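Remarks on the structure that follows.
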Amino acid sequence: MAYLGTKELEIILPNCIDKYDKSKIDNVAYELALGDQVYLTDSKNRKKEILDDKNSQVVIKPGQFALLLTDEVVTIPKNILAFISIKFSQKIKGLINVSGFHVDPGFSGKIIFSVYNAGPTNITLDKGSPYFMIWFSELTSESTPYAGKHKGQNSISAGNVNDLNGELLSPSTLLKRIKENEKKLSAISVIATILITLGSGLSIKALSDTSKFNEGYNIGVKEQSIKKNIDSIFSKPNVDSIISKKIDVILKEKNNEKK
Ligand SMILES: O=c1ccn([C@H]2C[C@H](O)[C@@H](COP(=O)(O)OP(=O)(O)OP(=O)(O)O)O2)c(=O)[nH]1
């Protein structure tokens, strides 16, 4: 098994790449471009995006997963095994090729790359730009041609999209949620501080009111007992009777004196 060099690539690739362009041979690799279909896991409507002249860019946010379809249909001869990868210029930003790295002998179709943005910033890709590479390696003998489920693939299927359904919590989404919760917590702690301050103020007032009440109550009780004593002194029946008796005695004496 030997990797094909530039000369061999120029010979076999016109039959292997539908939109063959000699200028896309990069040393011993051939550059593949981003086609017209992508699927982003943070897509709101859970549908793939169609790229065209008006909508020709895709933005993969940090922590997001995406499916990218190549522009070219690749047809691999039975005596060739091909290897695929993402170009270093995108890898250096943090774009990782999660999917497989080979194309089987006898495969024909567009390649779907499943990628993950492990970098700290958005990665923007343009339709038609070369982000992928493919190398060709000659086998020592012909292989049984590939006849699996990806044979003839030329789009991102509903099945591909469904396989990726479900909330993907990227590190940036988690960080956002943590920050939101921190904000909520600090608002709650401000409210709690205000309530505690108000509560303790009210408690202090209630305590002082209680002691004033007790003081007032005691004064009232004392006043009442003094009043009762005075009343009891002045309401004693013997005081009146003694006084009236004295008055009677004095009047009688006065009358006797007159007689
Ligand atoms: O990232 C990749 C890797 C592979 N392929 C294509 C080329 C390859 O020849 C074919 C099958 O690859 P593989 O055998 O790894 O996939 P599978 O899901 O196991 O398919 P199958 O059950 O048909 O073997 O899919 C892609 O489109 N993208």
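What you are looking at is a predicted structure, and each value in this text was computed from that prediction instead of being measured. Counting starts at 1 for both ligands and their atoms, following the listed order.
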Which heavy atom of the protein is the closest neighbour of [atom], given with residue, atom name and distance?
| atom | value |
| --- | --- |
| atom 9 (O) of ligand 1 | Asp104 OD2, 2.6 Å |
| atom 18 (O) of ligand 1 | His150 NE2, 2.8 Å |
| atom 22 (O) of ligand 1 | Lys149 NZ, 3.0 Å |
| atom 28 (N) of ligand 1 | Ile112 O, 2.7 Å |

Any atoms of ligand 1 less than 4.0 Å from a non-hydrogen atom of [X]? List them with their elements.
| X | answer |
| --- | --- |
| Gly148 | 23 (O) |
| Ser99 | 1 (O), 2 (C) |
| Ile111 | 26 (C), 27 (O), 28 (N) |

For atom CG of Asn181, is the number of surrounding heavy atoms from other residues, nucleotides or ligands below 6.0 Å larger than 12? yes

Does atom CD of Gln224 have more than 12 heavy-atom neighbours, drawn from other residues, nucleotides or ligands, at distances under 6.0 Å? no

If you measure only the distance, is there a donor-acceptor pair under 3.5 Å linking the side chains of [X] and [Y]?
| X | Y | answer |
| --- | --- | --- |
| Lys48 | Gln37 | yes |
| Gln64 | Lys61 | no |
| Lys91 | Ser85 | yes |

Please tell me if the side chains of Ile96 and Val115 come closer than 4.5 Å, counting only heavy atoms from C-beta onward. no

Note, Lys87 side chain near Glu31 side chain (heavy atom, < 4.5 Å): yes

Can you check whether His102 has an N/O within less than 3.5 Å of an N/O in ligand 1? no

Return a yes/no value for Phe113: is any of its N or O atoms, backbone included, closer than 3.5 angstrom to an N or O of ligand 1? no

Of Lys151, Gln153, Lys110, the one whose closest heavy atom lies nearest atom 27 (O) of ligand 1 is Gln153

Any idea which of Tyr146, Phe101, Phe107 brings a heavy atom closest to atom 23 (O) of ligand 1? Tyr146

Sequence neighbours excluded and cut-off under 3.5 Å, please list the side-chain donor-acceptor pairs for residues 121-132, or say none.
from, atom 1, to, atom 2, distance (Å)
Asp126, OD1, Gln57, NE2, 2.9
Tyr131, OH, Asp126, N, 2.7

